[in-house]
Every structure is written in structure tokens, then in C-alpha cells.
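Remember, it's 1-based here, ligands and their atoms both numbered in the order they're listed.
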Amino acid sequence: MYYYPYVNRYIEFYNYSINNLEDFWAYQANIIPWFRRWDKVLEDNHPFYKWFVGGLLNASYVCLDQHLETYRKDKVAFYWENELGERETVSYYELYNRVNYFSKFLQDLGVKKGDVVLIYMPLVIDAIVAMLSVVRLGAIHNVVFSGFSKNAILGRIEDSKAKFIITATHTYRRGKKVDLLSVIKEINVDSIQNIVVLDRSGDFKEEGKYVKWPTYKEFVYVPPVPVESTHPLFVLYTSGTTGKPKGIVHSTGGYLVYVASTLRWAFNVDNDSIWWCTADIGWITGHSYVVYAPLALGITSFIYEGAPDYPDPSKWWSLIEKYKITEFYTSPTALRMFMKYDLKYVLDHDLSSLRMLGSVGEPINPEVWEWFYVNIGRSKCPIIDTWWQTETGGFMIAPFIGILPLKPGFASLPLPGVLVDVVDEQGNSLPPNTKGYIVVKSPWPGMMMGILNDDEKYKEVYWSKFEKMYYPGDYAIRTEDGYFQLLGRADEVIKIAGHRIGTFEVESAILENDFVAEAAVVGVPDEVRGEVVAAFVTLKQGVSVNEELKQKIIGKVREIIGPVVVFSSIFFVDKLPKTRSGKIMRRLLKAVVLGKELGDITTLEEEASVEEVKKAYEEVKRSIV
Ligand code: WT7
């Protein structure tokens with residue numbers, strides 16, 4: 001069945017890992033240094049799993065101190081550049097110095113083990129210094145993407161009980177200064193003890209709780225606080241089907257072992273790598289594959305603060321050429337945007353340093369895959385399509401060291417130690433080439449520890465649909481030769497430019513407009529962003545429809561969630577189609593937007609009869625203003 005000898009070798013290795021799960025991971029755990037070895041590889045208190053129980057370590061030590069005794073001490077950890085062409089380079093030793101210095105500063109402010117520190121910063125080296133300084137003290141970071149708004153920050157502070165905020169005066173986007181501090185200043189929460197501000201403009205004044213990021217003076221040593229393997233490293237909020245974003249909690253030991261192992265397995269990064277993962281630190285991809293995995297492995301990374309196509313669409317390609325990037329990991333959305341531009345922007349650049357390409361966040365369609373392969377990889381670089389989630393911590397399905405035959409559109413085979421399957425509604429394994437739900441059937445070290453403050457929701461969302469199987473919420477099929485193809489979300493999550501947005505969240509934000517009575521949103525396909533939002537809104541009595549209302553709705557959603565939410569259209573309707581139990585018929589709404597024929601939609605809604613669906617469909621169509 002397989003023509004590549006390496007695949008057979010891989011399958012053997014994979015089977016070994018699954019059949020000897022604990023031994024396998026115990027061996028892998030040596031990829032990072034521990035202060036104390038664990039007593040137990042896995043404690044199974046389903047669905048709560050603890051990895052490397054009894055082990056002690058510190059993530060900042062794993063990322064920095066361990067390298068100081070090696071040649072990597074003076075190796076570059078990060079090259080950084082921004083839109084203005086400003087550049088910075090830090091070695092492991094310099095990063096270590098800066099982290100110690102800033103840790104001391106945080107310690108003096110009172111930051112201690114277990115405290116939650118909210119980080120609202122652009123992609124600069126100091127943002128990484130902030131993350132590592134927090135974890136050096138055994139505190140827990142909560143990074144909030146700098147594109148999120150005030151309300152998103154408020155919600156997170158309320159849930160995580162964050163005591164400190166670290167921010168910066170501003171960032172840049174498409175040549176404009178984007179003020180971050182003014183967003184923070186709108187927040188007035190008593191429980192926040194201090195706000196540390198990185199002054200990039202030179203005119204920040206300390207006042208009250210607001211203190212200035214200290215200028216490095218001399219070396220100070222702050223001993224890394226040894227924490228238990230299961231001590232939370234960070235909490236990161238992500239959208240789901242219900243209500244507010246959930247605080248996903250990741251462990252220290254299992255998480256670090258997992259991200260370091262998987263980065264090496266998928267991308268074969270090496271001592272001479274110049275790794276570029278284009279994600280922001282505000283997302284899990286930034287946590288796992290900009291910060292923790294590359295530093296734990298001691299490799300050199302490049303990071304860029306700015307828009308991909310500013311000042312012109314050759315920006316990224318000129319950076320690959322300039323920094324001689326060897327592995328380049330990005331998203332289908334970014335690639336689709338570049339595909340719209342003239343190919344000369346790409347072809348003018350020497351991209352021969354590239355060895356591996358990678359994709360994440362949404363399914364990569366074969367046309368995009370081809371374009372990436374031919375024009376960026378110049379037909380010589382494997383494309384590593386990595387399927388995973390905020391909750392999984394690291395890659396789950398991805399080609400192992402690029403040795404597999406690759407197929408456009410397929411994330412390929414699961415990584416070692418990861419047991420995945422495609423099942424039907426009852427949880428039975430499906431035969432090849434049948435669409436079903438993807439599930440994970442055994443624990444892995446990178447798995448989340450839970451949802452902050454909400455064990456019940458953790459059980460309900462991920463472990464109640466199927467017995468003893470983790471439910472990620474995606475559709476997939478598997479081919480005869482075991483390759484997985486991911487087919488998008490099976491739940492009410494919309495993926496805009498690869499970012500997860502819950503329908504409920506957007507609807508709640510729309511309802512904040514006092515002229516809105518009811519709202520329902522659906523994800524609709526978009527050429528660049530993958531999906532965008534179409535909204536159906538009913539207005540309160542007496543309110544008459546006008547264009548301005550649409551702008552108000554968009555403005556409100558931006559204010560509450562942030563500019564990550566992009567609308568394709570807003571429809572005003574008389575009433576929303578609902579089933580008898582009151583559930584909004586979203587699939588019907590989607591069919592309306594997509595202009596699908598009735599014949600296609602009669603089977604769409606499970607809870608309603610064909611007649612009801614037909615009637616509702618006609619009503620919605622008729623009443624659109
Ligand atoms: C969801 C997780 C994983 C980091 C970035 C997104 C979708 C992710 C792929 C892929 C098809 C993918 C899934 C998943 N997704 N990677 N390679 N192929 N779909 O993290 O925000 O937690 O979103 O992204 O739907 O469930 P996230």
C-alpha cells in the first residue's frame with residue numbers, strides 16, 4: 001500500500017508509541033531538563049489527566065538557563081523587525097539577562113507563584129521577556145491578543161482574577177500607530193495592583209498603578225521557582241459554542257515536553273534553523289511555536305511586528321530572503337491574501353534558504369497548497385499541514401519529519417503517541433472515506449488540564465459527546481491509507497482568518513445595540529479569510545431600517561470583541577426561523593445567504609419538519625429588507 005519505505009518505519013514507530021504510551025512519553029520527557037524527575041508518568045482521573053506527576057521544573061529555566069552551559073549561550077534566540085524597519089537581535093544569554101532583570105522588577109511589585117498576570121502586548125521581544133519573567137516566578141500568564149478590545153480584556157480579568165497587567169504604549173499596523181495603553185486605561189478594575197507599561201513613544205508618565213518598564217542596568221539573578229509538572233503555565237481564552245470564551249489551562253511539564261517534541265517531529269528543526277512562525281503571541285500557535293518550543297529546543301527564530309503585505313505585498317518574501325529563513329510556518333488565510341497579488345512580488349525574491357513550509361488554523365485547500373508549494377517552496381519544500389487546537393497544546397496530526405508522501409489538503413497521519421479516529425454520532429469507528437467526527441482516544445502530554453474555574457463545562461464540552469473520547473468539534477474523513485482530511489467545524493464556531501469566534505459571542509455583542517430585538521449569525525465562505533460572518537437581525541418595534549444601523553452593529557461588535565470579527569452582510573428580517581423547541585435554524589440561514597435551493601435545505605435542520613423548514617425559508621427570504 002505504501003511506496004515509501006520510511007512510512008513503514010514510521011508506522012512501526014507509531015504503533016510502538018501507542019502500545020507503550022507511558023514508556024514512550026517517559027522517554028520523550030528527557031527532551032527538557034527537570035529539577036526533579038517525576039514519580040508517575042500519567043495519572044488518569046478521567047477526564048482529568050496529570051502528566052509527569054511529582055516532577056519539578058521551571059519553564060524559564062527550560063527556555064533559557066539550560067542553554068547557558070552550551071554553545072547556544074551566544075546563539076541568536078530571536079531576530080525581530082517591525083514595519084518601520086527597526087531591528088533587534090537577542091542571543092540566549094541576552095534574553096536570559098533581560099528576563100532575570102524583569103523578573104526581579106515583577107518580584108518587587110509583588111508578583112508571586114500562582115498569580116495571574118495579563119499580558120496585552122504587540123509582537124516584540126519584550127513581550128516574550130514578559131511571558132518568561134512571569135513563569136520564572138511561578139506565576140501564570142494570560143496573553144490577550146492586542147487586536148482584542150477593552151471588553152474582551154475585562155471579561156478575562158474577571159474570570160482569571162489577574163492581579164497585574166503588562167502592556168505597551170502602542171504598536172504599528174499598516175503605517176499607523178495603534179494605541180494599546182488607551183485601551184487599558186479605559187479599564188478600571190480595583191483588583192489590578194499594577195500596570196507595567198513598555199514605553200515605546202518616550203512620553204509615558206508614571207502615575208498611580210501605572211509603572212514604567214525598567215531600563216536594563218546590570219545583571220541580577222532571580223532563581224527560577226521550581227513548580228510541579230502540573231502547575232499551570234498559562235491560561236489562554238478561546239471561543240466555543242457557549243457564552244463567554246473559555247480559559248484553557250495548560251500544564252508546565254506535559255505541555256513543554258509536548259511542544260518541544262512535536263516541533264522537532266514535524267519540522268525537523270535543527271541547530272542551523274532560522275525558524276519563522278508568523279503567529280502572534282496572542283494565540284496558542286504563538287505560545288507553543290513562537291515562544292516555548294523553539295526556546296526549549298534552543299533554535300533561532302525570526303519574528304515580525306506588522307501586517308504581511310505592508311508597505312507592499314513583497315514584505316514577507318523579502319524578509320525570508322533577508323533572514324534566510326529555513327522553516328516557514330503560516331496560515332492558509334495569509335497565503336490566500338498573497339495569491340491575489342501579482343506573482344512578481346514572490347518571484348523577485350531568492351527563497352532558496354527554505355527547507356520546510358507549514359500551515360495551520362484551517363483546512364488548506366489544494367489550490368492554495370499548490371501555490372505555496374510551487375511559488376514559495378519552489379517545488380522542493382514539503383508542506384507540513386498541522387492539525388491541532390488551543391486545547392491540544394501542540395500538533396496532533398502532521399507529517400512526521402516530512403518523510404511521508406504528502407497529499408494536498410491532507411494533514412496526513414497522527415504524530416507518535418496520538419490516537420485519533422473518525423466516528424459516527426454514536427461514537428463507532430467509521431470505515432474509510434466516510435465523513436464523521438474526529439476524536440482522540442488516548443491522553444497526550446500537551447492536552448489542556450481543564451477550563452479555568454469550570455470543571456463542569458470542561459467535562460460537558462469535550463468529554464460528554466462520546467464516552468472516554470476527547471471531542472475536538474471538527475469533521476474529518478480518513479482514507480484507506482490512514483490519511484486524515486479535516487473538513488471544518490462541526491459546531492457553532494466560525495473560523496475567521498483562522499481565529500475562532502463563537503456565534504453566541506457575536507450575537508450577544510449585536511444585542512448590545514438597544515435597537516436590536518434578536519440576532520443570529522452564521523459563518524459563510526470567504527475567498528481570503530476562510531469564513532466571515534453573516535448576521536440576521538430583527539429590530540425592536542418602531543425602529544425603522546436604515547444603513548446607519550448596520551454601521552452601528554459593526555461598530556458595537558468591534559468595540560466588544562475587536563476587529564477580528566469581519567462581516568460579509570447584515571440582513572434585517574421580520575423574524576428568525578426557529579424550531580419548536582426555540583432553536584434558531586442556523587443551517588437554514590446559511591442556505592439563504594448562500595442562495596441554496598430549497599431541495600438542499602429540507603434535510604438541514606434536525607428538529608424541524610420539511611414543511612416547517614420550507615415555510616421558514618420562504619419567510620426569511622421574503623422579509624429580508
Ligand atoms: C481549530 C482550532 C491550532 C492553532 C491555531 C488554531 C482548525 C487548525 C487546522 C488544519 C484544518 C485546522 C480546526 C480546529 N484547524 N488547524 N491544519 N486543518 N483545520 O487554533 O483557534 O484553537 O482552532 O482550528 O477547526 O478545531 P484554535
Side-chain angles (χ1 to χ4, degrees), residues 143 145 147-148 234-241 245-250 255 258-259 262-263 266-267 277-293 329-336 357-366 368-369 372 383-399 406-415 418 420 422 435 437-440 446-448 451 461-462 465 470-478 483-502 505 523 529-531 564:
V143 181
F145 174 54
F148 278 134
F234 61 84
V235 49
L236 184 64
Y237 287 78
T238 188
S239 297
T241 48
K246 308 179 287 274
I248 304 299
V249 180
H250 275 288
Y255 173 82
Y258 196 72
V259 295
T262 50
L263 179 58
F267 284 94
C277 164
T278 63
D280 187 88
I281 45 154
W283 313 109
I284 189 70
T285 312
H287 283 59
S288 301
Y289 299 111
V290 173
V291 181
Y292 290 108
Y329 183 40
T330 191
S331 70
T333 290
L335 298 171
R336 283 192 297 258
L357 303 174
S359 170
V360 64
E362 33 178 336
I364 177 164
N365 29 327
V368 181
W369 198 101
F372 199 19
I383 295 180
I384 308 300
D385 183 1
T386 59
W387 175 80
W388 58 298
Q389 310 180 294
T390 304
E391 294 86 340
T392 70
F395 313 148
M396 299 293 276
I397 302 180
L406 300 169
K407 295 186 199 178
F410 287 79
S412 83
L413 300 177
L415 286 173
V418 176
V420 282
V422 177
K435 180 174 172 179
Y437 301 102
I438 193 162
V439 292
V440 189
M447 67 198 301
M448 71 178 129
I451 297 177
V461 174
Y462 304 105
K465 188 165 173 81
Y470 170 76
Y471 172 63
D474 277 12
Y475 288 124
I477 61 164
R478 179 165 43 183
Y483 275 47
F484 285 84
Q485 181 179 25
L486 278 304
L487 300 169
R489 299 291 306 188
D491 57 14
E492 307 284 305
V493 169
I494 306 178
K495 276 243 140 188
I496 307 173
H499 302 140
R500 259 156 85 167
I501 305 290
E505 253 174 279
R529 292 185 171 86
E531 276 190 304
V564 283

Between Tyr470 and Tyr462, is the ring centre distance below 6.0 Å?
-> yes

Name the orientation class of the two ring planes belonging to Phe145 and His499 (parallel below 30°, tilted from 30 to 60°, perpendicular beyond 60°).
-> tilted

What is the ring orientation for His250 with Phe234, classed by angle as parallel under 30°, tilted 30 to 60°, or perpendicular over 60°?
-> tilted

Please determine, by modelled atom types, if Asp474 and Trp387 share a side-chain donor-acceptor pair under 3.5 angstrom.
-> yes

Side-chain (Glu531) to main-chain (Lys495) donor-acceptor, under 3.5 angstrom = yes

Heavy-atom contacts under 4.0 Å to ligand 1, chain-then-number order, include exactly Ile284, Thr285, Val360, Gly361, Glu362, Pro363, Asp385, Thr386, Trp387, Trp388, Gln389, Thr390, Asp474, Leu486, Arg489, Lys495, Arg500

Does CZ belonging to Arg336 count more than 12 external heavy atoms closer than 6.0 Å?
-> yes

